[in-house]
Number of protein chains: 2
Amino acid sequence: MTYDTALAALADPTRRAVFERLRGGARSVADLARGMPVSRPAVSQHLKALKEAGLVRDEPRGAARIYRIHAEGLIELRAWLDTFWDDALTRFKAHAEGPDDDHA
Amino acid sequence: MTYDTALAALADPTRRAVFERLRGGARSVADLARGMPVSRPAVSQHLKALKEAGLVRDEPRGAARIYRIHAEGLIELRAWLDTFWDDALTRFKAHAEGPDDDHA
DNA sequence: GCTTACCGTTAGTAATGACTTACGATACTG
DNA sequence: CAGTATCGTAAGTCATTACTAACGGTAAGC
């Protein structure tokens with residue numbers, strides 16, 4: 001999976017809430033949907049998007065499917081964010097050593 | 001700014017491309033828009049969204065406005081991502097020390 | 001085998017967001 | 001002061017997305 005699919009998957013507030021609900025451990029769709037302001041099929045659709053983004057994994061357990069967070073799916077996103085820190089740090093060092101040249 | 005606004009701001013492919021174009025240094029709207037598949041006002045709108053998310057800053061330079069990346073705007077998003085790593089690490093440790101209990 | 005529980009998908013609807021064109025405002029130059 | 005360059009915004013259009021209701025499939029229990 002790539003960071004752009006992870007970003008897009010996490011951008012939706014409801015989908016992100018579904019994702020965050022999984023922090024407490026693996027849960028079923030019905031379990032997740034309880035207490036949420038949207039219907040169970042909507043939660044199922046969001047879980048599908050999170051799965052396609054590589055952020056969650058599921059496994060069958062009887063008629064239910066148990067979903068859990070797949071933290072590895074966030075690796076690329078985190079690495080991408082870090083490149084901006086590296087940029088800022090490089091720029092800071094260059095500034096400390098001499099005049100800043102904005103355009104490479 | 002909060003991580004949810006940063007996520008939403010970066011989720012759009014075109015807006016993210018605008019953001020990434022700024023890695024090379026501060027640039028004007030017209031400069032950024034050159035070579036992009038959308039119009040200059042569209043780039044301006046995206047820059048507005050990035051600014052509201054705290055991801056870029058601008059300054060006037062004559063009739064032009066110069067935009068540059070504000071990496072500090074990514075702090076909260078990075079911290080939020082790290083909490084998932086912390087969760088995974090905690091869970092791994094607990095697993096190594098004894099039976100895994102999925103539900104807290 | 002019927003009932004219950006669970007869930008993914010489809011089709012339809014409504015809301016949202018991305019983009020464009022046009023326009024007016026600001027800054028700079030001659 | 002007129003012309004040029006730059007840019008943000010408004011209004012309109014269109015595509016995309018989130019959500020619902022309904023349905024059919026699977027698994028388990030009796």
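In what follows, every chain begins at residue 1, and chains take the letters A, B, ... in the order their sequences are listed.
- With D:dC19, C:dG8, C:dA18 as the choices, the nucleotide that has an atom nearest any side-chain atom of B:D12 turns out to be C:dA18.
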remark   = With sugar-phosphate taken as primed atoms, P, OP1 and OP2 and all else as base, the protein-contact string of nucleotides 24-30 of chain C at under 4.0 Å (heavy atoms; B, S, -) is --BSS--
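- Contact of the B:R65 side chain with the B:E59 side chain is not registered, since no non-hydrogen atoms from C-beta on lie closer than 4.5 Å.
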task = Determine, step by step, whether B:D58 and B:R68 satisfy the salt bridge (charged side-chain N to carboxylate O under 4.0 Å, His left out) criterion, reporting the C-alpha distance in whole Å, the side-chain angles of both residues, the deciding distance to 0.1 Å, and the verdict.
result = CA-CA 6 Å; B:D58 66 335; B:R68 66 180 73 234; over 6 Å; no
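- Distance alone, capped at 3.5 Å, places no donor-acceptor pair between the B:R40 side chain and the B:A33 backbone.
- Taking only side-chain nitrogens and oxygens, B:S39 never comes nearer than 4.0 Å to OP1 or OP2 of C:dT21.
- Here A:Y67 reaches the OP1 or OP2 of C:dG8: one of its side-chain N or O atoms lies under 4.0 Å away.
- Between the NE2 atom of B:H46 and the C1' atom of C:dA18 there is a distance of 6 Å, given to the nearest Å.
- Taking the side chain as every heavy atom from C-beta outward, B:V43 and B:T14 never approach each other to under 4.5 Å.
- Looking at which nucleotide of DNA chain D each of B:R65 and A:T14 is closest to, the 5′-most match is held by B:R65.
- Comparing B:S44 and A:V38 by the nucleotide of DNA chain D that holds the closest heavy atom to each, the one mapping nearer the 5' end is B:S44.
- Nucleic acid contact class of A:P60 (heavy atoms, under 4.0 Å, all strands): none.
- Rounding to whole angstrom units, NZ of residue A:K48 and P of D:dT17 are separated by 13 Å.
- Atom CG of B:L47 and atom P of D:dG8 are 7 Å apart (whole Å).
- When the side-chain nitrogen and oxygen atoms of A:S28 are compared with OP1 and OP2 of C:dC6, none of them lie within a distance under 4.0 Å.
- Counting only distance, with no hydrogens or angles, the side chain of B:R21 and the backbone of B:L32 share a donor-acceptor pair below 3.5 Å.
- Using bins of under 30°, 30° to 60° and over 60° for the plane-to-plane angle, the ring pair A:Y3/A:W80 lands in the parallel bin.
- Per the geometry, CZ belonging to B:R15 stands 8 Å off P belonging to C:dC19, to the nearest Å.
- Per the geometry, CZ belonging to A:R34 stands 11 Å off C1' belonging to C:dC6, to the nearest Å.
- Distance, B:R27 CZ to D:dT6 P: 14 Å, rounded to whole Å.
- With rounding to whole Å, A:R16 atom CZ is found 15 Å from D:dA18 atom C1'.
- For the pair B:R57 and B:Y67, the cation-pi test (distance below 6.0 Å, angle within 45°) is failed.
- With rounding to whole Å, A:E52 atom CD is found 12 Å from C:dG8 atom C1'.
- Here D:dC7 is the nucleotide among C:dC7, D:dC7, C:dT20 with the atom lying nearest to any side-chain atom of B:A30.
- Residue B:Q45 is the one, among B:Q45 and B:R40, whose nearest nucleotide of DNA chain C lies closer to the 5' end (criterion: closest heavy atom).
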